[in-house]
Amino acid sequence: MNSRTLLLALLLLPLAGTAQSYWGVTLNGGVMLANDMAHNALVAPYADIDAAWWHPVGGSHYWMQRHRMPRFGLQASYAHIVNGIAGDRLGLMAMLGGSLGRRLDYAAGIGLSAYTHPRSITADTANIYIGSLINCLIELRLEYALSDHWALTASAVHTSNGLLYRPNQGLNFLQMGVQWRSTSRVAPPQRRSFSPLSVHEVGFTLSPGFAMSHNISQEGYYFCYDLSLNYLYRIDSILAVGGTIDVWYNFSHPQQYIWYDDPYSLPFYIGAMAVVESSWGPLSIRAGIGPELLRSTRVKIPFYERVGAYYNFGRHYTGIALHAHAGQIDFIEWSYGYRIPVSSNR
């Protein structure tokens, strides 16, 4: 994607807003720092533009007891880094925001970034900071309102890839900016109702996933697909607990692990995990941990983890999750799911 295409997408993003939603644009300036203080020579200035769509939460009995209801959104960004060792940065994040006072807001986001000149494309051996094309993107931000529509912002941004591709030490960004948004900042968000949730719920999640080879002699991506069978018991409108059974199919198993001389030849893996899900209006965040029941013999610690964020459209939902093993990311899951209530609503 070239810079003109991205800027066009940023301009069209606000059109997705609704009466309850709003959008904003932030212009930032800052410095890039290596994720290793021993390499301060990499410090470089950069300019960044963010376009975000936000939706305030309302209707939940829990949040209606509180004045500072959260808001959720989606933010796209483009950063031009002057002489950056990995080129320019593109980003897309799921965001959580809220109020710390009448004029002070916070925002936090997690998502994906892509660099235009990572080591995997340029073979630049001096670039030990961004090896892979795809990286995580994490941002923490404070916003101070100057008026109903304008604010000053201060942000810290981190990108790395969880050791999916080595070397990849990661980069950090410190920035300040000016923000404009389409609705009055000091006005309380509109409340709207959501359908009550089932006490007991089953369902499934389909997740095509991709990863980068951990074998340095076999660079590139491979694909792994996951089917999850889910059960949730909803304690209240915010919190649910339950379990998941996962079945993975790894198309590249023979090529990825032949060099391990692994006697496990099946491309299937099976796991089970305990999960907890927290919901705010249409958004839910689910995390879990559990044992791998059928797996490659090279796996010495038989536990895996997942954390994901999902947007719910009635019984349907879509989202993104990170699948990890012993704290090391295995692959990124792009998910579609379906919820099936099995008891009457409270």
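Quick caveat, the model's predicted, so the values are computed rather than measured.
- Electrostatic pairing of Asp148 and Arg181 does not count as a salt bridge here, judged by no charged N lying under 4.0 Å from a carboxylate O.
- In terms of heavy-atom proximity, Leu174 sits nearest to Ala156 at CD2-CB, 4.1 Å.
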**Q.** Worked verdict on His323 versus Glu305 for side chain to side chain contact (heavy atoms under 4.5 Å, CB included)
**A.** CA-CA 6 Å; His323 176 109; Glu305 309 93 42; over 6 Å; no
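- Looking at Asn135 and Ser160, their side chains never bring a donor and an acceptor atom within 3.5 Å of each other.
- Without hydrogens or angle criteria, Ser120 side chain to Gly131 main chain gives a donor-acceptor distance under 3.5 Å.
- Donor-acceptor pairing under 3.5 Å is lacking for the side chains of Thr153 and Gln179.
- Between the side chains of Thr205 and Tyr317, at least one donor-acceptor pair of N or O atoms lies under 3.5 Å.
- For the atom pair CD1 (Ile320) and CG (Leu112), the distance works out to 4.0 Å, reported to the nearest 0.5 Å.
- Separating the CD atom in Glu333 from the OG atom in Ser228 is a distance of 6.5 Å, to the nearest 0.5 Å.
- When all heavy atoms are compared, the tightest approach of Met95 to Gly109 is SD-CA, 3.4 Å.
- Glu277 and Arg339 are joined by a salt bridge, as a carboxylate oxygen and a charged side-chain nitrogen come within less than 4.0 angstrom of each other.
- The shortest heavy-atom contact between Ala272 and Leu293 is CB-CD1, 4.2 Å.
- Taking the six-membered ring where tryptophan is involved, the planes of Trp54 and Tyr22 are essentially parallel, since the angle between them stays under 30° and well short of 60°.
- Side-chain contact, Tyr311 with Ser284: no donor N or O sits under 3.5 Å from an acceptor N or O.
- Using bins of under 30°, 30° to 60° and over 60° for the plane-to-plane angle, the ring pair Tyr304/Trp248 lands in the perpendicular bin.
- Looking only at side-chain heavy atoms (C-beta outward), Thr183 and Trp23 stay at 4.5 Å or farther from each other.
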(Q) side chain to side chain contact (heavy atoms under 4.5 Å, CB included), that's the test. Do Tyr129 and Asn168 meet it? Break it down for me. (A) CA-CA 5 Å; Tyr129 310 97; Asn168 202 110; over 6 Å; no
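- Side chain of Asp124 to main chain of Ala126: a donor-acceptor pair is present (N/O by atom type, distance under 3.5 Å, no hydrogens or angles).
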Q: Check the pair Val241, Ile235 against side chain to side chain contact (heavy atoms under 4.5 Å, CB included), reporting the backbone distance first and the verdict last.
A: CA-CA 8 Å; Val241 295; Ile235 298 173; 4.3 Å; yes
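- Put simply, the side chain of Val178 reaches to within 4.5 Å of the side chain of Leu152, judged on heavy atoms.
- Smallest separation of non-hydrogen atoms from Asn312 and Tyr310: ND2-O, 3.9 Å.
- To the nearest 0.5 angstrom, Phe173 atom CZ is 5.0 Å from Thr159 atom OG1.
- In this structure, Tyr269 and Val247 have side chains that are not in contact, with every pair of non-hydrogen atoms separated by 4.5 Å or more.
- The pair Asp48-Arg89 meets the salt-bridge criterion, since a charged nitrogen lies less than 4.0 angstrom from a carboxylate oxygen.
- Remark: side-chain polar atoms of Asp88 are paired, donor with acceptor, to backbone N or O of Ile81 under 3.5 angstrom.
- Side-chain contact annotation: Ser207 with Ser335, donor-acceptor N/O pair under 3.5 Å present.
- For the atom pair Ser77 OG and Met93 CE, the distance stands at 5.5 Å (nearest 0.5 Å).
- Contacts of Tyr231 classified as side chain to side chain donor-acceptor pair (under 3.5 Å), with partners at least two apart in sequence or in another chain: His200.
- Using a 3.5 Å distance cut-off with no hydrogens or angles, the side chains of His117 and Thr122 do not pair a donor with an acceptor.
- The backbone N or O of Ile130 lies less than 3.5 Å from no partner atom in the side chain of Arg119, so there is not a single donor-acceptor pair.
- Using a 4.5 Å heavy-atom threshold, the side chains of Trp180 and Val25 count as separate.
- Side chains of Thr244 and Asp246: no donor on one and acceptor on the other come within 3.5 Å.
- Scanning all heavy atoms of the two residues, the minimum distance from His55 to Ser21 falls at ND1-OG, 2.7 Å.
- Tyr233 is listed as a side-chain neighbour of Val199, based on a closest heavy-atom distance under 4.5 Å.
- One distance of note links CD1 of Ile110 with SG of Cys136; it measures 6.5 Å at 0.5 Å rounding.
- In this structure, the separation between CG on Leu283 and CZ on Phe72 is 5.0 Å, given to the nearest 0.5 Å.
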Q. When you look at Ile49 and Asn28, which way does the side chain to side chain contact (heavy atoms under 4.5 Å, CB included) test go after all the steps?
A. CA-CA 6 Å; Ile49 179 172; Asn28 298 293; over 6 Å; no
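- A donor-acceptor contact under 3.5 angstrom links the side chains of Tyr46 and Gln175, judged on distance only.
- Contact of the Val275 side chain with the Met273 side chain is registered, since non-hydrogen atoms from C-beta on lie closer than 4.5 Å.
- Contact check on Glu143 versus Arg71 returns a salt bridge, with a Lys/Arg side-chain nitrogen under 4.0 Å from an Asp/Glu carboxylate oxygen.
- Contact of the Ser155 side chain with the Met176 side chain is not registered, since no non-hydrogen atoms from C-beta on lie closer than 4.5 Å.
- Under a 3.5 Å cut-off, the side chain of Asn83 and the backbone N or O of Ala44 do not form any donor-acceptor pair.
- When side chains are defined from C-beta on, His316 counts as touching Tyr336, because their heavy atoms get closer than 4.5 Å.
- A 6.0 Å sphere centred on CD1 of Ile245 holds no more than 12 heavy atoms belonging to other residues, nucleotides or ligands.
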